[in-house]
Chemist: 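Structure incoming, see below.
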2 protein chains.
Amino acid sequence: MSREGIQKEESWTISDLAQQLDVSTRTIRYYEELGLITPSRTEKGSRHYSRKDRARLRLILRGKRFGFSLDQIREMIELFGEDRTGRAQLLRTIEYGNQKLAEIDEKIMELRHLREDILVYKQNFEQKLLEENEEEKR
Amino acid sequence: MSREGIQKEESWTISDLAQQLDVSTRTIRYYEELGLITPSRTEKGSRHYSRKDRARLRLILRGKRFGFSLDQIREMIELFGEDRTGRAQLLRTIEYGNQKLAEIDEKIMELRHLREDILVYKQNFEQKLLEENEEEKR
DNA sequence: CATCAAGTTGACGTTTACGTAAACGGCAGT
DNA sequence: ACTGCCGTTTACGTAAACGTCAACTTGATG
């Protein structure tokens, strides 16, 4: 009989996580200082990260890579994390989400522009390369 | 006869440019300190920006918005800016360009992920909103 | 049991990317 | 000639995002 429902009950130490996501432990603790993640603690006081914590950290790192400040990220996490109740609150949160989505779409657009710019530069050099080769044939 | 080839000879002062691209003059001067832009000077010493300079500044700002450090940006500008000659140099530069393009594509992919994450959060709240409405009907 | 790796909390240092203020020159309008 | 306004340089200030080091605990292991 296959034993179903066995919870791996995965969890990691701070250095596990640091290694997995390629950041320093200091950085992770720093994010905790800022209230971006709140891992559980063992009896002794060691930090203890669940897969949810890990997902959150990934979100943070991802956000960072696109110029979002930690403060903006915190803002985001708080809004989506709180147990908002009541239509008004919910609507506001959803609206905030839409706004963030729009921002991201905007970023994607801009990235395409940047890509274009670089492509043009590159093509310039490719052209030069062709000219060099022509010259050689002569 | 239409007068062709009339160069508007466009150029701008530092504050013109700052306003156009929505940055401070300090920032522009700072980029110059770092060697990212080198505007010409008027007799008196005032900076004088051509459309090329403006394009470059736009590139810088664009790069910045995606977490590229000014140092990375400088690296990029230098490589594309220098008058490289010789097939080896050209090939290296082109390779560098390809690498940058790959990085950007990677970023775009990651942005899509981030977008997905946020979308899921939002949909969660939209679901809650539906449940609230149900409850009300009761 | 000694020691060593890995965890903790402070505290201070460093880099990046500018802001801000001082002190000055040039030019336009009154 | 005086007043603003814009430009310049030099210099110091600062917020964000960590790095680094010290001082200490706590298991784990030869």
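Values below: all heavy atoms of this structure, side chains included; hydrogens, waters and symmetry mates excluded.
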Chemist: In whole Å, I'd like the distance from the NZ atom of B:K44 to the P atom of C:dC27.
Modeler: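 Spelled out: NZ on B:K44 to P on C:dC27 is 8 Å.
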Chemist: Please set out all donor-acceptor pairs under 3.5 angstrom arising from side-chain atoms of residues 125-132 of chain B, sequence neighbours excluded.
Modeler:
| residue | atom | partner | partner atom | Å |
| --- | --- | --- | --- | --- |
| B:E126 | OE2 | B:K122 | NZ | 3.4 |
| B:K128 | NZ | A:D83 | OD1 | 3.4 |
| B:E132 | OE2 | A:G86 | N | 3.4 |

Chemist: Would you say B:N98's side chain and B:E95's backbone share a donor-acceptor pair under 3.5 angstrom?
Modeler: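 Absent.
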Chemist: Between D:dC18 atom P and A:I37 atom CD1, what is the distance in whole Å?
Modeler: 11 Å
Chemist: Is the phosphate of C:dA6 approached by A:T13 (side-chain N or O, under 4.0 Å from OP1 or OP2)?
Modeler: no
Chemist: Could you pull out all donor-acceptor pairs under 3.5 Å where a side-chain atom in residues 56-68 of chain B meets a protein atom, sequence neighbours excluded?
Modeler:
| residue | atom | partner | partner atom | Å |
| --- | --- | --- | --- | --- |
| B:R56 | NH1 | B:L36 | O | 3.4 |
| B:R62 | NH1 | A:D117 | OD2 | 3.3 |
| B:R65 | NH1 | A:E110 | OE1 | 2.3 |
| B:R65 | NH1 | A:E110 | OE2 | 3.1 |

Chemist: In residues 28-35 of chain B, which residues come under 4.0 Å of DNA chain C by heavy atom?
Modeler: B:Y30, B:Y31
Chemist: Can you check whether B:T13's main-chain N or O pairs, donor with acceptor, with B:D16's side chain at less than 3.5 Å?
Modeler: yes
Chemist: Any donor and acceptor pair, going by atom type alone, linking the side chain of B:T25 with main-chain N or O of B:S15 inside 3.5 Å?
Modeler: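 Not a single qualifying donor-acceptor pair exists.
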Chemist: Between P on C:dT8 and NE2 on A:H48, what's the gap in Å once rounded to a whole number?
Modeler: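 Checked: the NE2 to P distance equals 12 Å.
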Chemist: Send over the distance from B:E43 CD to D:dT8 P, rounded to a whole Å.
Modeler: 15 Å
Chemist: Before accepting this row, confirm whether a basic side-chain N of the pair B:E116/B:R112 lies closer than 4.0 Å to the acidic partner's carboxylate O.
Modeler: no
Chemist: When you check the phosphate oxygens OP1 and OP2 of C:dT9, does a side-chain N or O of A:R47 lie under 4.0 Å from one of them?
Modeler: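 So the side-chain polar atoms of A:R47 do come within 4.0 Å of the phosphate oxygens OP1 or OP2 of C:dT9, strictly under.
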Chemist: Does any pair with a residue in residues 17-36 of chain B pass salt bridge (Lys or Arg N to Asp or Glu O under 4.0 Å), and if so which ones, sequence neighbours excluded?
Modeler: B:R26-B:E33, B:E32-B:R41, B:E32-B:R47
Chemist: Are A:E103 and A:K100 within salt-bridge range, i.e. N to O under 4.0 Å?
Modeler: yes
Chemist: I'd like to check the ring-ring contact (aromatic ring centres under 6.0 Å, His included) partners of A:Y31; sequence neighbours left out, ordered by chain and number.
Modeler: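 If we apply the ring-ring contact (aromatic ring centres under 6.0 Å, His included) test to A:Y31, skipping adjacent residues, there are no hits.
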Chemist: Counting only heavy atoms and a strict 4.0 angstrom limit, can you tell me which residues of residues 55-80 of chain B come near DNA chain C?
Modeler: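 The stretch gives B:K64, B:S69, B:L70 as the residues lying under 4.0 Å from the strand, ordered by number.
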Chemist: Taking only the side-chain nitrogens and oxygens of A:R26, find out if one of them lies under 4.0 Å from OP1 or OP2 of C:dT9.
Modeler: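 No, no such contact exists.
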Chemist: Atom CD of B:Q19 and atom P of D:dC5: how far apart are they, to the nearest Å?
Modeler: 16 Å
Chemist: Looking only at side-chain N and O atoms, does A:S24 come under 4.0 Å of OP1 or OP2 in D:dG19?
Modeler: yes
Chemist: Is the distance from OP1 or OP2 of C:dA6 to the nearest side-chain N or O of A:T25 less than 4.0 Å?
Modeler: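 Answer is no, no contact under 4.0 Å.
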